[in-house]
Amino acid sequence: MIDQLFPADLPSPEHWEQRYPPRELPQGALVTRLGPSPTGYMHIGTIYMAMIDLDVAHRSDGRYLVRIEDTDQAREVQGALEQFDRAFSYFSLEPDEREGHGGYGPYHQSERSAIYMSYARELLRQSKAYLCFATSAELAEMRKLQQQAKVPPGYYGRWATWRDATPAQVEAKLAEGTPYVVRFRSPGIPGRRVEFDEAIRGRLSAEDNYNDVVILKSSQLPDRLPTYHFAHAVDDHLMRVNLVIRGEEWLPSVPMHLQLFEALGFEPPRYAHTALLMKQIPGGKRKLSKRKDPEASVDFYLQAGYPAKAVLYYLRGLANGSLAEMPLDAALEAPIKLSELGGAGPLIDQVKLEDISADHIATLSTQQILAALRIWARRYDPELADVLDAQHDLALAALAVERVGVPNPRKDLRKWSDFRSAYGFFFSELFTPVTLGDERLGTLPDDLVRAFAADFAEGYQDLSDKDEWFAQIRDLAAKHGFAPTAKQFKQAPQEYAGSITHASQVIRVALTGSRQSPDLFSVARVLGKDEVLRRVSSLTR
RNA sequence: GGCCCCGUCGUCUAGCGGCCCAGGACGCCGCCCUCUCAAGGCGGUAGCGCCGGUUCAAAUCCGGUCGGGGCUACCA
């Protein structure tokens, strides 16, 4: 009866064992895997995991593979796979093995149906699994009753109605064409404890699993897909993964997974369960949610343009606190130690990331910044990309302001999307001249602003000495009734039109369109005399 | 509810019985520098959840308690 449920030519487990032999790797080599599910855009936690998987595998001369866990076809999202590739590539976390690369594929679970069915049939033959015809309505009703009776929910004991069904009952349902799932016949006994080692938390114990979990989902088609639990056991065994690093949410199912490995005759892998990345919310914290929190998505970081190294450095520091104390380059080279991973979920701190990112960008040359910026802009801000392409030299000159030849480079770029607001004014294509009455000019009377600007424009010289250049503002400020220092203005505000600060601010706003900018003299030099005059003159009309 | 994990400044953490009336980083506050901003320099703020126990000695070990998080699906 069991054999009739499966294709006659379905291979036996031995076939797969031979097809996917143990790997020939050095002693102690670790094989790790990441199993992203294309049910939405990639979570930043997935990059965190990928980073750890890759580091641990490569440090041990092992292998790191990516397996697409697409067994939930209903929730699959278009374009997710493309986004995965983009993310791995951005962070240089390409796996050693993935679809099309590696001898243990296919690496999409949806294409491994025959493999799962072989092993499920084997379990059925050995009575370690059975057919279950319970409908979702029946299961919901069961849960309700269990809740009322205050007993643990699940398919077990007297609730497991199909566990000991007679062949006749099963045959009758089959004859009716009733949909069914395959359940694992758990050998667990309620109350019994199990112990196991966990690479991050040490020796752990828990109540054994006694729930008959579904291992093969129902289907109209002959090809059935497994649940996560069954796929985990089968795939990680056949792909010869020996260290399963996964999120903490899986910790409670370890006893069940161990039962599955045992029943299948597989040697279980080592497990490491990483703490979940959290987000601060008004009442406390919760796990970063892909659906609710924009910063949970990898796309958020790509779009904003955080340099990959900055993000990786931040993530590495979260994994091993000691790495956060090292300089970026050293930290990216240093090994991640599983034993040093924290057991508590860290809150992701956007401000800290920005600080790290600004520090990192400050170490780059103007050429490096421009190169990265152009790649980012090409995808996320095409208009800016066009301007940068057309004005390559201007862009370099703009970036060089207070960055080249100074002891402390500017840190006004935390991410590539900051460029527009911080440096956009250097480009006439991106700049709109400021006219009289603009609120950015502050409270100075229009007449004064106009007269001051006119005077400035008339005598303006493109001097190469900073002090001499500033003297132009200084002298004119005095002439128009501004106090020579902020201090003096403060002492007798009624005697002055404003201070030198206010006078400079007029020129600053005219040149940059902002009340905050890099050093004015440098800006003016990059802009050139004609452009300075054009912008300042705009205030005289 | 049951089961599991976790618990040091606001945040990330160092600490693994005396070196700690707890160190660093980010944030925040103040001062300096200053034509604004971003920096930079100097200083400051703030924490071992609580209660017992072990010990000459506990942030560190044990128990309890409280709190946070996770799981409890034919989702992963």
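Every chain is numbered from 1, with letters handed out A, B, ... down the list of sequences. Note that the structure is a prediction, hence the values are computed from the model and not measured.
- The phosphate of A76(B) (OP1 or OP2) has no side-chain N or O of R67(A) nearer than 4.0 angstrom.
- Ionic pairing of R163(A) and D212(A) is present here: one or more N-O contacts between side-chain nitrogen and carboxylate oxygen are shorter than 4.0 angstrom.
- At least one side-chain nitrogen or oxygen of K411(A) sits closer than 4.0 Å to the OP1 or OP2 atom of G40(B).
- Ring-plane geometry between W469(A) and Y460(A) is classed as perpendicular, the angle between the planes exceeding 60 degrees on a 0 to 90 degree scale with a lower cut at 30.
- Atom-to-atom, CD of E248(A) to C1' of C3(B) comes out at 14 Å; the value is rounded to the nearest Å.
- Taking the six-membered ring where the residue is Trp, H232(A) and F261(A) present perpendicular rings, their angle passing 60° and hence far from 30°.
- Residues R112(A) and Q109(A) bring no donor and acceptor atom of their side chains to less than 3.5 Å of each other.
- Between R286(A) and D293(A) there is a salt bridge, with a side-chain nitrogen of the basic residue lying less than 4.0 Å from a carboxylate oxygen of the acidic one.
- Between R193(A) and the phosphate of C4(B), there is a side-chain N or O to OP1/OP2 separation shorter than 4.0 Å.
- Counting non-hydrogen atoms under 4.0 angstrom, L276(A) reaches the backbone sugars and phosphates but no base.
- For the pair T227(A) and A73(B), the criterion of a side-chain N or O lying under 4.0 Å from OP1 or OP2 is not met.
- Taking only distance into account, the side chain of D519(A) meets the base of C35(B) through a donor-acceptor pair shorter than 3.5 Å.
- In this structure, L204(A) and Q505(A) both approach RNA chain B, and ranking their closest nucleotides by distance from the 5' end singles out L204(A).
- Straight-line distance from the NE2 atom of H229(A) to the P atom of C75(B): 9 Å, rounded to whole Å.
- Partners of F482(A) according to the ring-ring contact (aromatic ring centres under 6.0 Å, His included) rule, which considers only residues two or more places apart in sequence or in another chain, are F452(A).
- RNA chain B is contacted by both N211(A) and F521(A); F521(A) maps to the nucleotide lying nearer its 5′ end (nearest heavy atom per residue).
- As judged by a 4.0 angstrom heavy-atom cut-off over every strand, R224(A) is placed among residues making no nucleic acid contact.
- Contacts of K466(A) with the nucleic acid, taken as non-hydrogen atoms under 4.0 Å apart, include base atoms.
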Identify the pairs formed between an N or O of the protein and an N or O of nucleotides 11-17 of chain B at a distance under 3.5 Å, and give each distance.
unit_1	atom_1	unit_2	atom_2	d
C12(B)	OP1	L347(A)	N	3.1

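- When each of C37(B), C74(B), A76(B) is scored by its nearest atom to the side-chain atoms of R410(A), the top-ranked nucleotide is C37(B).
- Of the listed residues (R525(A), R410(A), K466(A)), just one forms a salt bridge (Lys or Arg N to Asp or Glu O under 4.0 Å) with E402(A), and that residue is R410(A).
- If you check every strand for non-hydrogen atoms under 4.0 Å, V214(A) touches sugar and phosphate atoms only.
- Note on K287(A): a side-chain N or O is less than 4.0 Å away from OP1 or OP2 of C71(B).
- For K217(A), counting side-chain heavy atoms from C-beta on, the closest listed nucleotide (C3(B), C74(B), C5(B)) is C74(B).
- A straight line from CD of Q73(A) to P of A76(B) spans 10 Å, rounded to a whole angstrom.
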